[in-house]
Structures are given as C-alpha cells and as structure tokens.
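One structure is given below, encoded as structure tokens.
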Protein chains: 2
Amino acid sequence: MPQPNLQPIEIDYAAEGAANCKALGQILDRVGDKWTIMVVGVLSGGTMRFNALQRAIPGVSHRMLAMTLRGLERDGLVKRTSFATIPPRVDYELTERGHSLHVPLLTLAAWARSQQSGIAASRQQYDVQAEQAD
Amino acid sequence: MPQPNLQPIEIDYAAEGAANCKALGQILDRVGDKWTIMVVGVLSGGTMRFNALQRAIPGVSHRMLAMTLRGLERDGLVKRTSFATIPPRVDYELTERGHSLHVPLLTLAAWARSQQSGIAASRQQYDVQAEQAD
DNA sequence: CGGGATCCTAAGCGATACTG
DNA sequence: CAGTATCGCTTAGGATCCCG
C-alpha cells in the first residue's frame with residue numbers, strides 16, 4: 001500500500017472490520033443463497049439420494065437442487081456417488097469439510113432462535129412508527 | 001397433513017434437519033445479502049456516520065447502504081441518531097443485539113479462514129476434471 | 001450531508017421439455 | 001432416476017437525479 005500515514009484511527013478500524021468481513025462475505029455468497037444451507041442441514045442427517053433430498057426440502061425445484069449440489073460438490077462440501085444401475089442411483093453425503101461447516105451454522109441458528117422474537121417485536125414497532133409518520 | 005404413515009425414518013431425518021435449518025434460513029435471508037454483514041462488521045469497530053460507512057465499505061452504492069441500514073435499524077440491530085445541524089449529521093452504531101450478532105458471525109468467519117484455501121483447491125481440481133470431460 | 005424516487009440492466013430461479 | 005438446456009418472469013441492485 002503506497003499510503004504511509006492517513007488518519008490511522010478511523011481507517012484502521014474500518015480496514016480491520018472490512019478484513020474480518022471479507023472472508024465472511026465470500027462464504028456468505030456461497031452459503032447465503034436460497035437452498036445451500038437447507039441441503040447441508042438435511043445432509044447432516046446422513047447420506048441421501050437426489051429425489052429424497054428434493055422431497056426433504058419443500059419448494060426446491062429440480063433445477064436448483066441440481067445446481068446447488070454441483071456447487072457444494074465443487075467446493076468439496078458434498079461427495080457425490082453414482083451407481084451405474086438401472087434406474088440410476090446417486091448418493092450425496094457431506095464430506096469432512098461439509099460437516100465442519102455445520103458447526104458454525106448451528107451457532108448462527110442458536111443466535112437466530114434466541115433473537116427472533118425480539119427482532120419480530122422490533123420490526124412491528126418500527127413499522128407502526130413509520131406508519132404514523134405519514 | 002392427510003398422510004398418516006409414510007416411511008417414518010427417512011421423513012423424520014429430513015424434518016429434523018429442515019427444522020434446524022428453517023430459522024437459519026430466515027436469518028440468512030436477513031444477513032446473507034450483499035452488504036449487511038459488511039455494515040455490521042465495520043460498525044463493530046464503533047459509531048460511524050453515513051459517508052464514513054460508505055467510504056469504509058468498498059463498492060457499496062448510496063442506495064444499497066441506505067436500504068441496508070434501514071433494514072438493520074428495523075430489526076433493532078443498529079441505532080440511528082440524527083442531528084438537526086447544517087449540514088445534517090447521522091450516526092449509526094450497533095445495538096446490544098447487533099453486537100450479539102457479531103459473535104456467531106466471527107465463528108463463521110473463523111471457519112471461512114480455515115477452509116478457504118482448501119475450498120479454492122477443491123474448485124480448481126473440480127474445474128480441471130470438468131474440463132477434461134468434454 | 002443524508003436519503004428518497006425512478007429507471008434500467010443483469011442475475012436468480014421456476015417451469016417445462018428433453019437425454020441417458 | 002438423475003441431469004441438462006431453453007425460456008420467460010421476477011427480483012436485486014447500480015446509476016442518476018432531486019429534496020430537506
């Protein structure tokens with residue numbers, strides 16, 4: 001970086017916070033889409049076939065399930081095993097890395113549970129105040 | 001549900017996993033958008049004004065920063081304080097709840113750091129193999 | 001300086017139809 | 001049963017302009 005000293009305090013805070021969040025942003029792009037965490041969550045219960053997954057995840061389309069699984073496989077979070085039988089059969093299971101993701105996800109889920117009622121209340125309050133302001 | 005008994009074992013696994021992930025899905029819809037966690041991360045360093053935030057978060061548009069802050073304020077994660085001076089000045093800071101979110105986020109960030117090189121490697125390997133397959 | 005409103009493009013995603 | 005390709009709708013989100 002070619003800038004030696006440039007308001008160290010505010011910039012440092014920002015840079016630090018941004019650095020912390022940058023990696024986070026990357027993985028939220030990965031995990032924060034519509035279906036990925038559902039797939040990880042369901043697969044944490046054990047190996048499943050494609051159609052079983054689709055049945056287990058309400059609302060997911062054939063297409064999106066396939067794309068989500070490709071992405072997870074590409075990142076080494078899910079292992080795909082296909083059997084050349086008729087009819088064909090494909091098993092999906094979490095890899096070691098996939099299981100390791102499940103842990104921080106549960107931490108987040110715990111936070112969600114503990115805060116969801118408070119958040120709902122906050123929203124309601126915010127909305128009525130916004131409504132009064134017109 | 002009008003179907004009484006329908007392969008209890010597989011369904012139970014799925015239902016459990018889905019239940020775990022449902023709350024998670026809610027908060028990822030909240031937190032998993034393009035800018036929210038960046039804002040939370042930067043604000044974890046302390047109170048900031050609107051334009052300081054925009055400078056601290058590379059690439060965020062005026063519009064999206066405003067929307068993100070509105071959302072966070074609505075959920076009680078960020079507190080907004082405006083001063084009726086000229087020029088006007090608005091401070092943003094994390095609330096108690098906002099800070100509490102920062103904790104599980106750091107857990108996720110730690111996972112991201114520990115896995116990002118492995119994921120990158122996995123992607124590269126997957127891509128070359130896909131390339132060979134055409 | 002903070003924050004709307006409007007416009008417009010690109011990306012996400014479901015539906016459908018087709019292959020092995 | 002598993003997977004891909006095409007189509008078309010819907011949305012997210014950047015650019016821009018205006019107002020207090």
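Worth knowing before you read on, the calculation uses all heavy atoms, side chains too, and leaves out hydrogens, waters and symmetry mates. Here is the naming used below: chain letters follow the sequence lines, and residue numbers restart at 1 for every chain.
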Euclidean distance, atom [atom1] of residue [X] to atom [atom2] of [N] [Å, nearest integer]:
{"X": "A:Leu65", "N": "C:dA15", "atom1": "CG", "atom2": "C1'", "answer": "16 Å"}
{"X": "B:Leu53", "N": "C:dG2", "atom1": "CG", "atom2": "P", "answer": "9 Å"}
{"X": "A:Met67", "N": "C:dA11", "atom1": "CE", "atom2": "P", "answer": "13 Å"}
{"X": "B:Asp29", "N": "C:dG12", "atom1": "CG", "atom2": "P", "answer": "15 Å"}
{"X": "B:Gln54", "N": "C:dC1", "atom1": "CD", "atom2": "P", "answer": "11 Å"}
{"X": "A:Arg30", "N": "C:dG12", "atom1": "CZ", "atom2": "P", "answer": "12 Å"}
{"X": "B:Asp33", "N": "D:dT11", "atom1": "CG", "atom2": "C1'", "answer": "14 Å"}
{"X": "A:Met64", "N": "D:dA5", "atom1": "CE", "atom2": "C1'", "answer": "15 Å"}

Discussion item. More than 12 heavy atoms of other residues, nucleotides or ligands under 6.0 Å from CD of B:Gln116: yes or no?
Written reply: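 Check passes, neighbour count above 12.
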Worksheet item: Could you go step by step and tell me if A:Thr81 and A:Val90 meet the side chain to side chain contact (heavy atoms under 4.5 Å, CB included) rule?
Response: CA-CA 5 Å; A:Thr81 313; A:Val90 183; over 6 Å; no
Worksheet item: How far does CD1 of A:Ile57 sit from NZ of A:Lys34, to the nearest 0.5 angstrom?
Response: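 One gets 12.5 Å once the value is rounded to the nearest 0.5 Å.
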Worksheet item: Does a salt bridge link B:Arg97 with B:Asp75, judged by any charged N lying under 4.0 Å from a carboxylate O?
Response: no
Worksheet entry | Salt bridge present between B:Asp127 and A:Arg74 (N-O < 4.0 angstrom) | yes
Return the nearest nucleotide to the side chain of [X]; candidates are [options].
{"X": "B:Asn51", "options": "C:dG2, D:dC1, C:dG14", "answer": "C:dG2"}
{"X": "B:Pro88", "options": "C:dG14, D:dT4, D:dG20", "answer": "D:dG20"}
{"X": "A:Arg70", "options": "D:dT4, D:dC1, C:dG2", "answer": "D:dT4"}
{"X": "B:Phe50", "options": "D:dG13, C:dC13, C:dG2", "answer": "C:dG2"}
{"X": "B:Lys34", "options": "C:dG2, D:dG14, D:dC1", "answer": "D:dG14"}

Practice prompt. Go through the N and O atoms of the side chain of B:Arg63 and the base of D:dT16, and report whether any donor-acceptor pair is under 3.5 Å.
Written response: no
Worksheet item: Would you say A:Arg89 reaches D:dA2's phosphate, i.e. side-chain N/O to OP1/OP2 under 4.0 Å?
Response: no
Worksheet item: Taking the nucleotide of DNA chain C with the closest heavy atom to each, which residue, A:Trp35 or A:His62, is nearer the 5' end?
Response: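 Whichever sits nearer the 5' end wins; that is A:Trp35.
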Worksheet item: Between A:Val60 and B:Val90, which is nearer to the 5' end of DNA chain C once each is assigned its nearest nucleotide?
Response: B:Val90
Discussion item. Classify A:Tyr92 by what it touches in the nucleic acid, base, sugar-phosphate, or nothing, heavy-atom distance under 4.0 Å.
Written reply: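 Sugar-phosphate only.
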